[in-house]
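Labels below follow one simple rule: chain letters A, B, ... track the order of the sequence lines, proteins then strands, and each chain is numbered from 1.
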Amino acid sequence: MNFEKIKEAVTSIEMSKAMENRVKENIGKRKSVHMDFKRWIPVASAFAILLAIMMGIPYFNKDGELQVANFAITAYALSDDGKELNTTITSEQAAIELATNDRMGITGMGGDGGGYIFTDVMLKITGEQIESITYTMSHGKFVEDVTFTVEDVTFTSKKHPGAEWLRSEKIDFVISEPGSGVYEGIRNIGKTYTVTYNEQEKYKYTLAIPHDGNNVIVDDVIIKVNVTYIDGNSEQQDILVTQEENSVLLKLLK
Amino acid sequence: MTLQQVVWSTELDVEQMVDTYGNMLFRICLVLLSNEKDAEDVVQDTFITYLTKSPNFNDAEHEKAWLITIATNRCKNMRRYNIIRKHMDINDLQLYSKEDENYGLLDHLMRLPTKHKVVLLLHYVEGYKVDEIAKILTITTSAVKKRLQRGRELLRERYRKENENEF
């Protein structure tokens, strides 16, 4: 058998003109939104006044009464240079602007696929006598960045090695640098999660918000923050997440 | 000057990029995935990764090897996680290959295990040497040699069986 014929056979394959045009068009579209498809981090400058941790934030409840919650919510993220930026969320809106990194090139591995703006925004609660916090998103989900190597994967199936492990780990997206042997994934935490007050630092869960295909948030997102105190009482505050041009806005609902 | 430099210096000439590397990547992806839609997706994703990551290349060969690495990794991932393996109908090949005398060979090639067909493609189609393939696929040179040898054996075997069946 003449193996040189492989070249002749394979090089006879060409994309159809329609496919070629489609690829060009799609790449052009993705590139054109590239500058908008960015991780979002808090910008400290405009909201420096809010940086101080505020205990007992006054807010209006649903009946219009002024109440004082005994905890403060802080949105935070790491900036590109590794510094942590914090913004305490109040009834005045806190803006979180676009940064320079992006997550283009992510490969969907199942689940509900793309359609999410992956922000770097995390939430933290400050208060006294707090036992646990439960966050619940009306739309979207909490996600966690994970890094793993092939050695970490438990091969449970000969037919589809790794697939079951990814599903069991709830890792929906995977990307890797060629030759690095290191994979970056995004773990789907879900719409809600509960964390004990003293272990907040262990859980680096960020917000993934559904968009309409053009990186515009489809609907306003409400995050319910329910705090349970050591004495068994609980309090709740709601955060409204909206979008304005290149910023995502977080504010407490009155 | 690599294509990347040309691309960025001319405000992103997507057309030029696809014209230069599109068919080369599509051929590899189609043979590896045996599915034209998946192949198209991988080609598209590879270019998007290229544009957004904008890595630095020493020369055009380095750039080409990088694109092949990205595309083959994507193909491997896609096959690994596709629960239902798909195989292209030989009749569909006429949409992408005008030479009908090649269909038999392409069909045999597409039915090989991915690890064998990727080394056959890189060696016989793209002209890479064993050590270059080892770098692109991040495997040892002896593994490349074994896969080449096994790939050739499998192709021979399939041709032999086909000929036997014809009689």
Side-chain angles (χ1 to χ4, degrees), chain A residues 1-16 18-35 37-38 101-111 153 157 159-167 171-181 183, chain B residues 12 14-15 17-19 22-24 26-28 30-31 36 39-40 43-53 66 69-70 72-74 77-78 80-83 93 95-99 101-106 109 120-121 123-127 135-138 151-152 155-156 159-160:
Chain A
M1 183 184 170
N2 183 3
F3 291 101
E4 298 304 325
K5 284 195 173 178
I6 293 176
K7 181 169 185 173
E8 194 183 309
V10 173
T11 50
S12 71
I13 296 173
E14 286 184 358
M15 281 191 281
S16 65
M19 183 187 288
E20 192 179 311
N21 290 338
R22 200 161 54 234
V23 168
K24 285 176 180 173
E25 190 184 348
N26 289 340
I27 297 168
K29 275 184 196 166
R30 293 291 292 273
K31 184 59 196 170
S32 69
V33 300
H34 170 52
M35 297 306 290
F37 194 86
K38 298 169 179 174
N101 290 334
D102 66 71
R103 297 191 188 195
M104 294 291 279
I106 285 171
T107 304
M109 288 302 168
V153 178
S157 162
K159 200 171 180 185
H160 306 293
E164 288 178 12
W165 182 82
L166 286 172
R167 273 196 291 273
I171 296 172
D172 283 348
F173 299 93
V174 172
I175 187 170
S176 70
E177 278 293 334
S180 69
Y183 296 83
Chain B
L12 188 63
V14 170
E15 292 238 346
M17 184 176 63
V18 176
D19 290 345
N23 277 324
M24 183 269 294
F26 179 68
R27 285 168 193 144
I28 293 174
L30 186 68
V31 173
E36 67 271 31
E40 182 182 343
V43 170
Q44 196 171 292
D45 281 353
T46 302
F47 283 131
I48 289 169
T49 305
Y50 175 95
L51 292 170
T52 53
K53 285 195 174 293
W66 187 90
T69 306
I70 294 284
T72 52
N73 279 343
R74 288 278 161 85
N77 276 342
M78 193 170 267
R80 193 176 297 151
Y81 297 108
N82 272 350
I83 303 298
L93 279 172
L95 296 171
Y96 303 99
S97 173
K98 289 168 186 161
E99 309 292 333
E101 62 191 37
N102 294 325
Y103 297 170
L105 177 55
L106 287 174
L109 190 62
L120 289 173
L121 280 174
H123 184 66
Y124 287 110
V125 181
E126 298 306 325
K135 279 183 191 163
I136 289 174
L137 300 178
T138 58
R152 283 190 291 250
L155 267 183
R156 268 196 213 102
Y159 261 102
R160 188 177 52 76

S.K.: Mind checking salt bridge (charged side-chain N to carboxylate O under 4.0 Å, His left out) for A:Arg22 and listing every partner two or more places apart, or none if nothing turns up?
M.R.: B:Glu40

S.K.: Which bit of B:Tyr159 is near chain A, if near means a heavy-atom gap under 4.5 Å: side chain, backbone, both or neither?
M.R.: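 The answer is the side chain of B:Tyr159.
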
S.K.: If the condition is side chain to side chain contact (heavy atoms under 4.5 Å, CB included), which residues does A:Lys7 pass it with, not counting sequence neighbours?
M.R.: A:Thr11

S.K.: Is it the backbone or the side chain of B:Leu121 that comes under 4.5 Å from a heavy atom of chain A, or both, or neither?
M.R.: side chain

S.K.: Drop me the distance from B:Leu155's CG to A:Lys5's NZ, to the nearest 0.5 angstrom.
M.R.: 13.0 Å

S.K.: Got a donor-acceptor contact below 3.5 angstrom from the B:Asn23 side chain to the A:Met15 backbone?
M.R.: yes

S.K.: Could you have a look at B:Thr72, B:Asp19, B:Leu109 and say which one has the most heavy-atom pairs with chain A under 4.5 angstrom?
M.R.: B:Asp19

